[in-house]
**Q** 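Once you've had a glance at the structure underneath, I'll fire off some questions.
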Amino acid sequence: ESSGVIHHMNDPLKGLMALLGILKNNGFLKLALYSELARQDIVKARNYIANKKLQGNETDIRDFRQKVISGELSDMNSLTKTVDFYSFSECRDLCFHAQEHRFTINQLQEMLISNNLNFLGFLLPKKIKSLYQSYFPQDKTQTNLQYWSIIEDRHPHTFTSMYQFWVSKN
């Protein structure tokens, strides 16, 4: 299981390769990676932080949060809807982390194909799985990544909590 780790590495694919190197044939791996589309509000915050040269210290984090909460940074208001925003350490990870790689579903698919991995499905709330079923009732296993890409395009916040999914090694 790798959640919240390899997308902060210098080279996420190298991290994945290390995990796959110890995964047995027919083994299972749970991954969690950031979605490019779902993190656009975070990208705005990170760009603001970089442009203002804010640091991940207590003062800068508190000042940044206050500006968002007060409405001074109204285009980042959606940050107030996440629990992570209100914890000092979680806000630092959310907005001030030194390095973050985000992925699209198409990139996930390319990564899985190039590493001979079978996509076994996303871990998602029943509400989202029902939404998928309403769009694509023919895909009973809900493992068609092209269909998931369509869902994410239509509902950009589907993967706000990251892409969390299982794969198996061929």
Side-chain angles (χ1 to χ4, degrees), residues 1-16 30-112 119 121-132 134-136 142 144-167:
E1 181 175 332
S2 175
S3 179
V5 177
I6 67 173
H7 54 243
H8 288 304
M9 296 177 76
N10 225 11
D11 185 348
L13 297 178
K14 190 173 179 180
L16 177 61
K30 179 185 171 195
L31 293 170
L33 302 168
Y34 289 136
S35 161
E36 180 69 49
L37 192 55
R39 288 189 63 88
Q40 288 307 298
D41 294 340
I42 305 299
V43 170
K44 282 182 204 170
R46 293 174 67 85
N47 288 337
Y48 173 86
I49 289 163
N51 289 336
K52 297 292 184 181
K53 297 182 178 21
L54 301 179
Q55 302 298 309
N57 59 49
E58 189 173 341
T59 301
D60 284 357
I61 291 173
R62 287 184 194 279
D63 289 348
F64 170 73
R65 286 193 307 194
Q66 186 55 44
K67 287 180 180 181
V68 173
I69 291 167
S70 72
E72 185 177 333
L73 301 175
S74 59
D75 61 331
M76 296 177 219
N77 187 48
S78 65
L79 294 174
T80 63
K81 294 176 178 64
T82 178
V83 176
D84 292 352
F85 184 72
Y86 297 97
S87 160
F88 178 75
S89 62
E90 294 297 324
C91 185
R92 180 180 12 207
D93 186 55
L94 181 70
C95 299
F96 288 77
H97 205 287
Q99 182 166 265
E100 172 180 301
H101 295 278
R102 295 171 303 278
F103 298 86
T104 65
I105 289 181
N106 288 337
Q107 288 171 316
L108 289 182
Q109 187 167 26
E110 290 170 17
M111 179 176 60
L112 299 178
F119 177 72
F122 288 115
L123 299 166
L124 291 165
K126 186 175 177 108
K127 180 180 175 182
I128 295 173
K129 295 236 178 204
S130 295
L131 177 69
Y132 182 98
S134 72
Y135 279 100
F136 306 106
Q142 298 190 345
N144 184 313
L145 286 170
Q146 292 309 305
Y147 289 166
W148 278 112
S149 183
I150 292 168
I151 294 287
E152 187 177 31
D153 285 343
R154 293 180 184 170
H155 304 275
H157 296 288
T158 300
F159 296 100
T160 299
S161 298
M162 295 194 281
Y163 297 123
Q164 294 185 53
F165 57 98
W166 285 94
V167 297

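All figures in this text were calculated on a predicted structure; none of them were measured in a lab.
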**Q** Would you check, one step at a time, whether the test side-chain contact (heavy atoms from CB on, under 4.5 Å) holds for R65 with C95?
**A** CA-CA 10 Å; R65 286 193 307 194; C95 299; over 6 Å; no
**Q** Determine yes or no for a side-chain-to-main-chain donor-acceptor pair under 3.5 angstrom, with T104 supplying the side chain and Q107 the backbone.
**A**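 Yes; at least one donor-acceptor contact below 3.5 Å.
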**Q** Under 6.0 Å from the NZ atom of K129, do we count more than 12 heavy atoms belonging to anything else shown?
**A**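 Enclosed.
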**Q** Please report the closest heavy-atom contact between L33 and M111, naming both atoms and the distance.
**A**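 Result for this residue pair: CD1-CE, 3.8 Å.
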**Q** Between Y132 and F122, is the ring centroid distance below 6.0 Å?
**A**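 That pair fails the under 6.0 Å test.
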**Q** Can you check whether Q40 reaches V43 side chain to side chain, under 4.5 Å on heavy atoms?
**A**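 A side-chain contact exists here, since the closest heavy-atom pair is under 4.5 Å.
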**Q** H157 and T160: which non-hydrogen atoms are nearest, and at how many Å?
**A**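 Smallest heavy-atom distance, with atoms named: O-OG1, 2.8 Å.
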**Q** Can you check whether C91's main-chain N or O pairs, donor with acceptor, with Y86's side chain at less than 3.5 Å?
**A**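 No; judged by distance alone, with no hydrogens or angles, the pair does not exist.
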**Q** So, taking the atom named CG in L73 and the one named NZ in K52, what distance separates them when rounded to the nearest 0.5 Å?
**A**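 Nearest 0.5 Å value for the CG-NZ distance: 8.5 Å.
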**Q** Please confirm whether the backbone N or O of A38 pairs with a side-chain atom of R102, one donor and one acceptor, at under 3.5 Å?
**A**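 Checked: no pair found.
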**Q** If you take all heavy atoms of T158 and E152, which pair is closest and at what distance?
**A**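 Residues T158 and E152, closest heavy atoms: OG1-CA, 4.4 Å.
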**Q** Walk me through it: do Q146 and Q109 pass the test side-chain contact (heavy atoms from CB on, under 4.5 Å)?
**A** CA-CA 9 Å; Q146 292 309 305; Q109 187 167 26; 2.4 Å; yes
**Q** With a 4.5 Å cut-off on side-chain heavy atoms, are I151 and Y135 touching?
**A**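 Yes, their side chains come closer than 4.5 Å.
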**Q** Between atom CG of L16 and atom CE of M9, what is the distance when rounded to the nearest 0.5 Å?
**A**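 If I round to the nearest 0.5 Å, the distance is 10.0 Å.
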**Q** Does F136 reach the side chain of N144, with side-chain heavy atoms less than 4.5 Å apart?
**A**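 No - every pair of side-chain heavy atoms lies 4.5 Å or more apart.
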**Q** Measure across T80 and N77 and return the closest heavy-atom pair with its distance rounded to 0.1 Å.
**A**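 Taking every non-hydrogen atom into account, OG1-O, 2.6 Å.
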**Q** Yes or no on side-chain contact (heavy atoms from CB on, under 4.5 Å) for Y48 and V68, after CA distance, side-chain angles and deciding distance?
**A** CA-CA 11 Å; Y48 173 86; V68 173; over 6 Å; no
**Q** Rounded to the nearest 0.5 Å, what separation is found between the CZ atom of F64 and the CD atom of Q55?
**A**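 Between F64 CZ and Q55 CD, I get 14.0 Å after rounding to 0.5 Å.
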**Q** What is the distance from atom NZ of K30 to atom OG of S2, rounded to the nearest 0.5 Å?
**A**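 Going from the NZ atom of K30 to the OG atom of S2 covers 10.0 Å.
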**Q** I'd like to know if the side chain of Q164 and the backbone of A32 have a donor-acceptor N/O pair within less than 3.5 Å.
**A**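 Such a contact is absent between Q164 side chain and A32 backbone.
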**Q** Indicate yes or no: at least one non-hydrogen side-chain atom of L94 is less than 4.5 angstrom from one of R39.
**A**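 The answer is yes, as the side chains (C-beta and beyond) meet within the 4.5 Å cut-off.
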**Q** Under the side-chain contact (heavy atoms from CB on, under 4.5 Å) rule, what do I128 and F159 come out as? Steps first, then yes or no, please.
**A** CA-CA 10 Å; I128 295 173; F159 296 100; 6.0 Å; no
**Q** Of I105, L31, L123, which meets side chain to side chain contact (heavy atoms under 4.5 Å, CB included) against Y163?
**A**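 Among the candidates, only I105 passes.
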**Q** Grab the two heavy atoms, one from L124 and one from W148, that are nearest each other, plus how far apart they are.
**A**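 That closest heavy-atom pairing would be CD1-CH2, 3.4 Å.
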**Q** Is there a donor-acceptor pair under 3.5 Å between the side chain of N51 and the backbone N or O of N47?
**A**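 Yes, N51 side chain to N47 backbone: donor-acceptor pair under 3.5 Å.
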**Q** Any donor and acceptor pair, going by atom type alone, linking the side chain of H101 with main-chain N or O of D11 inside 3.5 Å?
**A**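 Here the side-chain-to-backbone pair does not exist.
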**Q** When you measure from the side chain of H8 to the backbone of Q99, do you find a donor-acceptor pair of N or O atoms at a distance under 3.5 Å?
**A**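 A pair under 3.5 Å: yes.
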**Q** Calculate, to the nearest 0.5 Å, the distance between atoms OG1 and CD1 belonging to T82 and I42 respectively.
**A**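 Reported to 0.5 Å precision, the distance equals 7.0 Å.
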**Q** Heavy atoms only: give me the nearest L79-F85 pair and the separation to one decimal.
**A**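 For L79 and F85, the tightest heavy-atom pair comes out as O-CB, 3.2 Å.
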**Q** In Å, rounded to the nearest 0.5 Å, how long is the span from CD1 of I49 to CZ of F96?
**A**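 Reported to 0.5 Å precision, the distance equals 3.5 Å.
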